[in-house]
2 protein chains.
Amino acid sequence: MADLQHEPHDDGLVLPPDTSPLGPIEQTPLKVQIADRLRTAIVTGKLKPGAVLVETALAERMNVSRAPIREAIQILENDGLVETVAYKGRRVKPLSVREVSETYDMRQIFEMRAVRRIIERKIPAGALWQPCQDMERAAQAGDREGLVAADERFHRMLITLADHQLLLQSWNSIYLRVHQIMALRNDRRVPLTDIAANHPPIIRALEEGDMDRAVGLIAEHTRSLESFDPATIAGAPQ
Amino acid sequence: MADLQHEPHDDGLVLPPDTSPLGPIEQTPLKVQIADRLRTAIVTGKLKPGAVLVETALAERMNVSRAPIREAIQILENDGLVETVAYKGRRVKPLSVREVSETYDMRQIFEMRAVRRIIERKIPAGALWQPCQDMERAAQAGDREGLVAADERFHRMLITLADHQLLLQSWNSIYLRVHQIMALRNDRRVPLTDIAANHPPIIRALEEGDMDRAVGLIAEHTRSLESFDPATIAGAPQ
DNA sequence: AAATTGTCGGTTGTCGACAATCGACAAACG
DNA sequence: CGTTTGTCGATTGTCGACAACCGACAATTT
């Protein structure tokens, strides 16, 4: 497997800690805990695209057998974050320029549909003001992390309001990659206030039931973050 | 696990055969073969919603250990066809009316987006005529299965032309459930010719680059098959 | 030197056995 | 009789060991 990875960034890696509140009592299966930890490590950029996941190594580090590690990795494979080559190895799925673009495109599809449903069904959109205000506050405080978190709450709330389980599920899956992409390109150029300013008009259009304007605004907003530097997300080749 | 299933439709079940062409030579992992067979059984209705999947039983029937069975079932879980309750059991995911509706809604989202992309990028849509003609031939011959197969080829081709890997992947996942739903409600009422007649106008609109008409037609077409009888898809309660 | 073959380390695939957990029922107790 | 407790069967969760497979390199042959 040595030739799947090009730089042995194997050493300094610290996986997210097991943050169980009380310690010995654990009722969620190991595989789920492990999957959560690995997923967090991937979407936060601690495990970069191309990083190799060796079952035996992970098992030894986490003091468990290979079985739960295997299942955890397979869960991540379902999320599309990891790919497996039989008898060769497993690695964090490299991100191509195309995949990044397609990921944002899917996000746009989902959010546009959510907007359509909210207006069609006349669903009250007032719950969106809360994360929107959080964003403004974070923007003024220069709290980039807080802003990103509030932004995600806004978009998740948007999808949730649409009351469409499959849509929410698909959006969640896509948003994992959005997370990962944002973590990899540490892009500090986009002004905070610009992002925050996009949301209030969307809410207003939703509340006024103006379908065309709402859909146009969300389409524009979800397209605005597509640009990125390919070099920052380069994983292993091919 | 006896109380998750209400009728023991365990006996007469015959899983799809292992159709390896030459026999002894097998290079695809067992888990993949098993997953394929089980998936086929589910989407063709041989394994109905609510049917219980017991690892030991399947392992014994297929003459393998529990490990590949486990992984196969987990793959199906990723496809959304199976659900697992830890330490209790696994079963084919019951289909609610809501899920069926949402499934068709997702399909509509995806196909509408495909149509948009094809027109935006001026992609030639001539490849759609082939399955379309197949459908007409099958319709006139009264070959319902052939028509359904050609219909799927038409829609898959539509998505493929859009040249969007994530979209294709998501569509495939959703279409698994469409398959399953169609297999469960053996609805022979919809006239064959009606379905076949829908496609040519769509292709023409695509070739003429008429965005509004094409999107409207595909939206109407993908909505037309939503009605169904809840009783035919009832699985285990809750 | 070039091509073929053999061998080896590394990784996942598969296996059989045991532990953990849950639900239901029986048993004991008030 | 009602409630609690214990036990049991069923099922998945986890484990350690071995087999299958791939890639690369050395050994051998021509």
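Chain identifiers are assigned alphabetically (A, B, ...) following the order of the sequence lines, protein sequences preceding nucleic acid strands; residue numbering begins at 1 within each chain.
- In this structure, R117(A) contributes its side chain and A162(A) its backbone to a donor-acceptor pair below 3.5 Å.
- Summarising the geometry, the separation between CG on L53(A) and P on dG10(C) is reported as 18 Å, rounded to the nearest angstrom.
- In this entry the distance linking CE of M62(B) with C1' of dT14(C) reads 16 Å, nearest Å.
- Mapping A86(A) and T84(B) onto DNA chain D by nearest heavy atom places T84(B) at the nucleotide closer to the 5' end.
- Every residue two or more places apart in sequence or in another chain that forms a side chain to side chain contact (heavy atoms under 4.5 Å, CB included) with A59(B) is listed here: R66(B), I69(B).
- Of all heavy-atom pairs between A183(B) and G45(B), the closest is CB-N, 4.0 Å.
- Classification of R116(B) and E120(B) as a salt-bridged pair fails, no side-chain N sitting under 4.0 Å from a carboxylate O.
- Atom CG of L30(B) and atom C1' of dT14(C) are 8 Å apart (whole Å).
- For the pair E55(B) CD and dG16(C) P, the computed distance is 14 Å after rounding to whole Å.
- A salt bridge is defined here as a Lys NZ or Arg NE, NH1 or NH2 lying under 4.0 Å from an Asp or Glu carboxylate O, and R98(B) with D163(A) meets this definition.
- Close to dG13(C), at under 4.0 Å from its OP1 or OP2, lies a side-chain N or O of K31(B).
- When rounded to the nearest whole Å, the span between CD of E83(A) and C1' of dT11(C) equals 15 Å.
- Looking at the side chain of T56(A), the nearest of the listed nucleotides dT11(D), dT12(C), dC15(D) is dT12(C).
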Checklist entry - Dot-bracket, DNA chain C: Watson-Crick or G-U, under 3.5 angstrom, [ ] crossing, | other strand? => result ||||||||||||||||||||||||||||||
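- Listed nucleotides dT14(C), dC21(D), dT12(D) differ in distance to Y87(B); the shortest reach to its side chain belongs to dT12(D).
- For the atom pair I73(A) CD1 and D79(A) CG, the distance stands at 12.5 Å (nearest 0.5 Å).
- Within the structure, a side-chain polar atom (N or O) of R90(B) is placed less than 4.0 Å from OP1 or OP2 of dG13(D).
- When the P atom of dC22(C) is taken as reference, atom NZ of K88(B) falls 10 Å away, rounded to whole Å.
- A donor-acceptor pair under 3.5 Å links the side-chain atoms of T103(B) to the main chain of E99(B), judged by distance alone.
- A donor-acceptor pair under 3.5 Å is formed between the side chain of S170(B) and the backbone N or O of L166(B).
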Next on the checklist: Walk me through whether T84(B) and E77(B) qualify under side chain to side chain donor-acceptor pair (under 3.5 Å).
Outcome noted: CA-CA 8 Å; T84(B) 298; E77(B) 209 174 349; 3.2 Å; yes
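- For DNA chain D, the residues of residues 65-74 of chain B within the heavy-atom distance limit of 4.0 Å (strictly under) are R66(B), R70(B), sorted by number.
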